[in-house]
Amino acid sequence: MEELDFLNQASNEELKVLCDIIVKDKKGNFRLTEELSVTKIFKECYPDNIKGMLPQLVEELRKFGGNTLTTMIQGHGPTYSKILRKVAKKSKVNFNQNANNELIEQYLLQKLFTDSLDKASDEQLKEMMQELGLPTTNFGRQAAVAALMLAWKGGGFKSYILLVSVVNGVLKFLIGRGLPLVANAALTRTAAILTGPIGWALTTLWTVADIAGPAYRVIIPAVIQIAYIRQNINNPITDPTLLLN
């Protein structure tokens, strides 16, 4: 749990999304292979106090991240660090094995974003730039992608909009339900624009066979949600009124 201690700073809403990824399938039913939902602590804590069962939730994630036989023998699955690297490798992320978890998570999220830009049409790129208040005149495709990448890396509210839109699109594709979006017009429209390109990018990235196993159906979206939570904690929106415009 130590390497995921920062999850104690997450909102219950963010943690509930993570919990649902781990214990529920695409139809919203409890997974046949999960063991957490039948426990006393789950029934006490779900859905309003996910933080109260964080150690158990992390342990359940670790079980999905390991080889079943090895997990049975050792009594636990691999660490989050190993699960993260497995997901990054599956996602064809270029990373150093010795890099810290946060950096690898950033590379993973950025890979998903750049892949979605590659799959977006010129019109979709223009629409995203308009929603972010970026200039669109005399912009070719290459310049548009460069401007959106600059917005992604620049921090602040524009970066936040793109991050939420990417994670929302990934979760919709993988688990059939996205993030609970705040009532911000630019955010909701950008998320809607990116949904298609994200789906096409992920279809290229992972074949059906790649994510057919129950483990990958859990650990890929779970790692992406954890990466998203860490980004929110480390780069909070300091002006909450922005979220309501």
What distance separates N184 CG from Y160 OH, expressed to the nearest 0.5 Å?
8.5 Å
Would one find more than 12 heavy atoms of other residues, nucleotides or ligands at under 6.0 Å from atom CG of N94?
no
Grab the two heavy atoms, one from M149 and one from L117, that are nearest each other, plus how far apart they are.
SD-CD1, 4.0 Å
Smallest separation among heavy atoms of L132 and A151, with atom names
CD1-CB, 4.4 Å
For the residue pair E102 / N234, report whether a side-chain donor-acceptor contact shorter than 3.5 Å exists.
yes
Smallest separation among heavy atoms of G65 and K86, with atom names
O-NZ, 2.7 Å
Can you tell me how far the OG atom of S37 sits from the CZ atom of R31, to the nearest 0.5 Å?
11.5 Å
I'd like to check E105 versus Q231 (side-chain heavy atoms, cut-off strictly below 4.5 Å). Are they in contact?
no
Apply side chain to side chain contact (heavy atoms under 4.5 Å, CB included) to residues V93 and I104 and explain how you reach the verdict.
CA-CA 8 Å; V93 176; I104 295 174; 5.5 Å; no
Rounded to the nearest 0.5 Å, how far does CD1 of I220 lie from CZ of F64?
13.5 Å
Taking it one step at a time, do L112 and L202 satisfy side chain to side chain contact (heavy atoms under 4.5 Å, CB included)?
CA-CA 8 Å; L112 297 171; L202 299 185; 3.7 Å; yes
Quick one: CE on M129 to OG1 on T137, what's the gap to the nearest 0.5 Å?
8.5 Å
If you look at every heavy atom in I161 and A186, which pair is closest and at what distance?
CD1-CB, 3.9 Å
Minimum heavy-atom separation for K16 and P47, please, with both atom names.
CE-CB, 3.7 Å
Applying side chain to side chain donor-acceptor pair (under 3.5 Å) as the test, list every pair that has at least one member in residues 123-133; sequence neighbours left out.
S121-Q124, E131-R189
Smallest separation among heavy atoms of P221 and Y216, with atom names
CD-O, 3.7 Å
Within a strict 4.5 Å, meaning less than it, do heavy atoms of the I50 and Y46 side chains meet?
yes
Point-to-point distance, once rounded to the nearest 0.5 Å, from CG of L61 to OG1 of T79
10.5 Å
So, do V218 and E60 sit near enough that their side-chain heavy atoms are less than 4.5 Å apart?
no
Decide yes or no on side chain to side chain contact (heavy atoms under 4.5 Å, CB included) for M128 and L148, but give the supporting numbers first.
CA-CA 8 Å; M128 276 187 273; L148 287 166; 4.2 Å; yes
Compare all side-chain heavy atoms of L15 with those of L7 and state whether any distance is below 4.5 angstrom.
yes
Drop me the distance from S11's OG to I229's CD1, to the nearest 0.5 angstrom.
7.0 Å
same_hphob_cluster(L57, F6) at 4.5 Å side-chain heavy-atom cutoff:
yes
With distance as the sole test, does R85 use its side chain to make a donor-acceptor pair with the main-chain N or O of Q97 at under 3.5 Å?
yes
Flag side-chain contact, heavy atom, 4.5 Å: T203 against W206
no
Between E14 and Q225, is there a side-chain heavy-atom distance shorter than 4.5 Å?
yes
Under 3.5 Å, side chain of S116 to main-chain N/O of F113, donor-acceptor pair present?
yes
Got K111 and L205 here, is their nearest side-chain heavy-atom distance under 4.5 Å?
yes
Using modelled atom types and a 3.5 Å cut-off, is there a donor and acceptor pairing between side-chain atoms of T39 and backbone atoms of L36?
yes
Identified side chain to side chain contact (heavy atoms under 4.5 Å, CB included) partner of Y228 from the options I233, L18, V223, V164
V164
Are W200 and I224 joined in one hydrophobic group, where the rule is that I, L, V, M, F, W and Y side chains link up if heavy atoms are under 4.5 Å apart?
no
Distance-only donor-acceptor pairs under 3.5 Å for side chains of residues 166-180, two or more places apart:
from : atom 1 : to   : atom 2 : distance (Å)
N168 : OD1    : L179 : N      : 2.9
R177 : NH1    : D25  : O      : 3.1
R177 : NH1    : I175 : O      : 3.0
R177 : NH2    : D20  : O      : 3.3

Qualifying side chain to side chain donor-acceptor pair (under 3.5 Å) pairs with a residue from residues 140-157, counting only residues at least two apart or across chains
D122-R141
If you group Ile, Leu, Val, Met, Phe, Trp and Tyr by side-chain heavy-atom gaps below 4.5 Å, do L103 and L84 land in one group?
yes
Hydrophobic clusters here meaning ILVMFWY residues chained together by side-chain heavy-atom distances under 4.5 Å, can you tell me if L181 and L109 are in one?
yes
Looking only at side-chain N and O atoms, does R230 offer a donor or acceptor that is under 3.5 Å from a partner on N101?
no
Please lay out, stage by stage, how S81 and E3 fare under the test side-chain hydrogen bond (donor to acceptor under 3.5 Å, both in side chains).
CA-CA 8 Å; S81 293; E3 57 188 354; 2.5 Å; yes
Does the distance from a Lys or Arg side-chain N to an Asp or Glu carboxylate O, for E44 and K40, drop under 4.0 Å?
yes
Would the distance check show the side chain of T195 and the main-chain N or O of A191 forming a donor-acceptor pair, the cut-off being under 3.5 Å?
yes
So do the side chains of F42 and M53 get within less than 4.5 Å of each other, counting heavy atoms only?
yes
Whether over 12 other heavy atoms sit under 6.0 Å from F95 CZ
yes
